[in-house]
Amino acid sequence: MPDKHRSTQFDAELAGISNRVLEMGGIVESQVAQAVYALSHFSGETATQVLRVEERVNQMEVEIDRDLSAI
């Protein structure tokens with residue numbers, strides 16, 4: 001029975017990471033759209049916002065990598 005518990009726990013952890021990767025992908029998709037807008041409209045303010053969000057994306061990536069290594 002311990003094998004079933006480990007398998008269930010692994011599946012749950014993997015599903016959680018998968019959800020976070022999808023969330024990160026959505027954020028990046030939005031960043032690309034904002035970056036295109038910033039370039040086409042010469043908007044420094046929008047470009048700055050994209051860079052601010054990039055910090056969050058980078059942190060998410062580090063956390064996901066860490067959690068993947070742990071499981």
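Below, each value reflects all heavy atoms present in this structure, side chains not excepted, and no hydrogens, waters or symmetry copies.
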What I'd like to find out is whether the side chain of [X] reaches to under 4.5 Å of the side chain of [Y], using heavy atoms alone.
{"X": "His41", "Y": "Thr46", "answer": "no"}
{"X": "Gln9", "Y": "Ile71", "answer": "no"}
{"X": "Leu68", "Y": "Ile64", "answer": "yes"}
{"X": "Asp67", "Y": "Arg20", "answer": "yes"}

Separation of Gln59 CD from Glu61 CD (nearest 0.5 Å):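 Reported to 0.5 Å precision, the distance equals 10.5 Å.
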
Inter-residue atom distance Ile27.CD1 - Met24.CE, 0.5 Å rounding: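 Answer for the CD1-CE pair, Ile27 versus Met24, is 8.5 Å.
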
Check: Leu14 main-chain N/O paired with Ser18 side-chain donor or acceptor under 3.5 Å: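 It does not hold such a pair.
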
N/O donor-acceptor pair under 3.5 Å between Gln34 side chain and Val50 backbone: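 It does not hold such a pair.
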
ILVMFWY cluster, Met60 and Val21 together (side-chain gap under 4.5 Å):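 Linked, Met60 and Val21 end up in one cluster.
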
For Asp65, salt bridge (Lys or Arg N to Asp or Glu O under 4.0 Å) partners two or more places apart: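 None.
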
Ala47 versus Ala38, closest heavy-atom pair with distance: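 Taking every non-hydrogen atom into account, N-CB, 3.7 Å.
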
Cationic N near anionic O, under 4.0 Å, Arg56 to Glu63: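 Looking at Arg56 and Glu63, the cut-off is not met.
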
